[in-house]
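Here's the structure we're looking at; comments come further down.
When a residue number appears, it is its place in the shown sequence, counting from 1. Just so you know, ligand 1 is whichever comes first in the structure, and atom 1 is the first atom listed for that ligand.
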Amino acid sequence: MFNSIFVMERPKNEPILSYAPGSKEREELKEKLGELSSKEIEIPLIIGGKEIKTGNLGKCVMPHDHNHILAHYHMAGEKEIKMAIDAAIKAKEEWENYSYIDRISIFLKAAELLSTTWRSTLNAAAMLDLGKNVFQAEIDSACELIDFFRFNSYYATKIYTEQPQSSKGILNRMEYRALDGFIFAVPPFNFASISGNLPTAPAIMGNVVLWKPASSAVYTAYHIMKLLQEAGLPDGVINFIPGPGSKVGEIVFSDPNFGGVHFTGSVNTFNSMWESIGKNIRNYKSYPRIVGETGGKDFVIAHHTANRKALITALIRGAFEYQGQKCSAASRAYISKTVWEDIKDELIETTKNLKMGAPTDFSNFVNAVIDKAAFKKITGYIEYARENAKILVGGEYDDSVGYYIKPTIVLTDDPHFKTMEEEIFGPVLTLYIYDDDKYEEVLKLCDQTSPYGLTGSIFAQDREAIRKAEKILVHAAGNFYINDKPTGAVVDQQPFGGSRGSGTNDKAGSYLNLLRWTSARSIKENFNPPEDYTYPFMK
Ligand SMILES: NC(=O)c1ccc[n+]([C@@H]2O[C@H](COP(=O)([O-])OP(=O)(O)OC[C@H]3O[C@@H](n4cnc5c(N)ncnc54)[C@H](O)[C@@H]3O)[C@@H](O)[C@H]2O)c1
Ligand SMILES: N[C@@H](CCC=O)C(=O)O
């Protein structure tokens with residue numbers, strides 16, 4: 001037993017590599033892209049450390065070339081889900097009795113492997129499977145995932161050192177236990193780092209996990225699972241069970257050992273989870289922890305003092321990076337009239353010239369959206385906007401080879417227009433132009449226009465205008481940016497999450513999230529217990 005109080009030093013965020021022409025990382029990544037795209041692999045379930053094949057197969061294809069199959073993956077059925085629950089419960093006792101140092105050592109090793117020998121593999125997988133350009137992959141499947149492994153380990157050691165006071169003859173201790181049962185980790189398609197964080201954050205705190213990756217991101221998730229196994233993750237601690245969400249969910253939520261869900265995805269899915277859990281509430285051995293981050297309708301507000309160049313850059317990057325497939329994407333903007341007059345030509349021209357194509361061509365800024373369903377949904381909004389508003393640029397799309405949609409800017413004079421209120425999750429930005437003297441009204445309008453509360457930006461050089469925005473928009477964004485785009489939160493710098501319809505705001509990338517995965521026990525030892533029940537007042 002390792003008898004020592006070990007508190008990690010606060011790590012540093014993983015540096016973002018440049019992938020500039022001639023750089024080592026660029027050559028390595030290009031080679032890995034060629035290697036992965038030249039073969040078609042078979043992805044099994046991984047339950048109790050064993051590879052399980054069900055023969056019920058799904059496909060992993062490239063969004064930018066959807067006839068190109070990267071892998072076939074085996075989907076879990078009822079039998080395999082029960083196997084995974086059994087494997088998790090079997091692994092639980094030993095795993096929760098690991099010292100926290102033994103546990104975090106595995107994830108720190110995973111971070112080390114990912115920052116070196118695994119970097120090009122994970123980034124190439126994210127580029128081919130998720131349709132990310134090299135920069136979007138680097139900040140996600142390399143840097144953010146490395147940061148999650150390192151900072152979550154650091155937060156765990158900080159939490160464990162948080163102890164109660166003792167008193168004369170009394171020794172008090174706090175034990176941070178794992179939760180009862182198993183945790184169900186259910187990530188979205190769009191971030192490899194989220195897919196890796198949802199199972200590992202609970203595991204670091206001693207929990208065992210069933211991990212169901214998004215069906216359009218199994219390939220990337222599989223590579224993360226293999227990385228964790230190479231880092232020494234014991235069998236059964238995390239069980240990898242791809243499969244159709246609703247089917248897997250129905251079985252998992254009905255199990256008495258269900259101990260909690262770590263979810264990120266759409267509001268509809270999260271609401272259906274709450275309903276399933278509520279329906280099963282009397283079956284559970286303990287009240288499950290429900291932690292979920294959901295959608296956003298993220299805003300940019302430009303005051304008339306806004307820096308015009310910075311605003312244009314924030315709109316382009318915030319709205320169109322990763323084709324707008326970020327819960328934090330800038331999708332509605334309120335721009336003062338004088339600012340609009342100054343920026344409109346450059347904004348439209350720059351958007352029109354954004355280079356779009358395969359992520360393997362590093363000169364492309366925009367790539368394809370994830371799948372047919374997303375393509376259909378986004379183009380539906382574009383057609384609605386074409387009929388009922390004005391399309392300033394973009395609006396074209398083609399899914400013959402990849403799911404390509406041109407970056408699109410919509411102009412409306414109705415601040416409650418459909419595309420000003422609903423999450424589109426694609427490369428569509430809607431603008432509303434307001435009179436300069438209506439700034440305060442627009443702040444209130446922005447606050448009341450969306451059921452979400454995830455991210456938002458204010459662009460202004462006037463301190464009063466900034467203070468007013470911070471105050472009026474206090475509940476409109478859990479990640480609030482001043483003179484910066486609303487995307488790109490960094491672990492341990494801008495912990496991520498929002499309230500209202502955007503989730504439980506348990507702040508991924510901070511100690512707050514780790515606290516959700518422990519059930520603390522108070523221990524009191526009395527060195528001098530009383531031997532007479534009477535009290536002085538009774539005399
Ligand atoms: N707030 C955040 O941090 C954040 C981050 C990324 C994505 N998102 C949100 O996620 C959404 C896009 O991701 P998506 O399309 O993968 O979301 P989604 O809700 O369609 O799927 C999310 C996950 O839930 C699973 N799932 C679906 N129905 C289920 C059910 N009934 N039971 C159990 N699991 C089920 C899916 O298979 C997937 O793994 C957007 O709304 C986006 O805003 C939010
Ligand atoms: N945390 C990411 C968004 C994750 C959701 O898609 C950001 O801040 O851009």
Residue part near ligand 1, for Ser272, under 4.0 Å between non-hydrogen atoms: side chain

Protein residue, atom and distance nearest to atom 38 (C) of ligand 1, heavy-atom basis: Pro187 O, 3.2 Å

Under 3.5 Å side-chain donor-acceptor pair for Thr269 and Ser266: yes

Identity and separation of the nearest protein heavy atom to atom 33 (C) of ligand 1: Gly245 O, 3.2 Å

Subset of ligand 1 atoms that lie under 4.0 Å from at least one heavy atom of Met273: 33 (C), 34 (N)

Nearest non-hydrogen protein atom, atom 9 (C) of ligand 1: Gly265 O, 3.3 Å

Ligand 1 versus Asn190: contacting region, heavy-atom distance under 4.0 Å: side chain

Ala489 neighbourhood, listing ligand 2 atoms whose heavy-atom distance to it stays under 4.0 Å: 7 (C), 8 (O)

Sub-4.0 Å atoms of ligand 1 with respect to non-hydrogen atoms of Val186: 23 (C), 24 (O), 25 (C), 34 (N), 39 (O)

Note, Met225 side chain near Ile238 side chain (heavy atom, < 4.5 Å): yes

Residue and atom name of the nearest protein heavy atom (relative to atom 2 (C) of ligand 1), distance in Å to one decimal: Cys327 SG, 3.3 Å

More than 12 heavy atoms from other groups under 6.0 Å of NE2 on His72: yes

Separation of Leu454 CG from Phe299 CZ (nearest 0.5 Å): 10.0 Å

Parallel, tilted or perpendicular: ring planes of Trp517 versus His262, cut at 30 and 60 degrees: tilted

Test: Lys132 cationic atom under 6.0 Å from Phe191 six-membered ring centre, within 45° of axis: yes

Closest protein heavy atom to atom 31 (N) of ligand 1, given as residue, atom name and distance to 0.1 Å: Ser246 CA, 3.4 Å

Which residue and heavy atom of the protein sit nearest atom 5 (C) of ligand 2, plus the separation: Cys327 SG, 2.3 Å

Non-hydrogen atoms of Val491 and Gly509 that approach each other most closely: CG1-CA, 3.9 Å

Distance (rounded to the nearest 0.5 Å) between Ile316 CD1 and Phe365 CZ: 7.0 Å

Atom indices of ligand 2 within 4.0 angstrom of Asn190 heavy atoms, with elements: 5 (C), 6 (O)

Close-contact set for ligand 1 against Phe496 heavy atoms, below 4.0 Å: 2 (C), 3 (O)

Between Tyr19 and Phe135, ring centroids under 6.0 Å: no

Closest protein heavy atom (residue, atom, distance) for atom 27 (C) of ligand 1: Thr269 CG2, 3.5 Å

Atoms in ligand 1 flagged as close to Thr264, the criterion being non-hydrogen separation under 4.0 Å: 2 (C), 3 (O), 4 (C), 5 (C), 6 (C), 7 (C), 8 (N), 22 (C), 44 (C)

Salt-bridge present (Lys326, Asp298; N to O < 4.0 Å): no

Which residue and heavy atom of the protein sit nearest atom 16 (O) of ligand 1, plus the separation: Phe189 N, 3.2 Å

Side-chain touch Ile41/Leu70, heavy atoms, less than 4.5 angstrom: no

Close approach of Phe425 to ligand 1, heavy atoms, under 4.0 angstrom: yes

Region of Ile194 that comes within reach of ligand 1 [heavy atoms, distance under 4.0 Å]: side chain

Numbered atoms and elements of ligand 1 in range of Thr294, under 4.0 angstrom, heavy atoms: 1 (N), 2 (C), 4 (C), 8 (N), 9 (C), 43 (O), 44 (C)

For atom 13 (O) of ligand 1, the option (of Ala185, Ser216, Pro188) bearing the nearest heavy atom: Pro188

Ligand 2 atoms in contact with Thr487 (distance to a heavy atom under 4.0 Å): 9 (O)

Ligand 1 versus Glu423: contacting region, heavy-atom distance under 4.0 Å: side chain

Those atoms of ligand 1 less than 4.0 Å from some heavy atom in Phe263: 22 (C), 23 (C), 24 (O)

Residue Leu454 vicinity, atoms of ligand 1 by number, heavy atom under 4.0 Å: 1 (N)

Any N or O of Gly488 closer than 3.5 Å to N or O of ligand 2: yes

Polar contact flag for Lys326 and ligand 2 (N/O pairs, less than 3.5 Å): no

Those atoms of ligand 1 less than 4.0 Å from some heavy atom in Ala214: 38 (C), 39 (O)

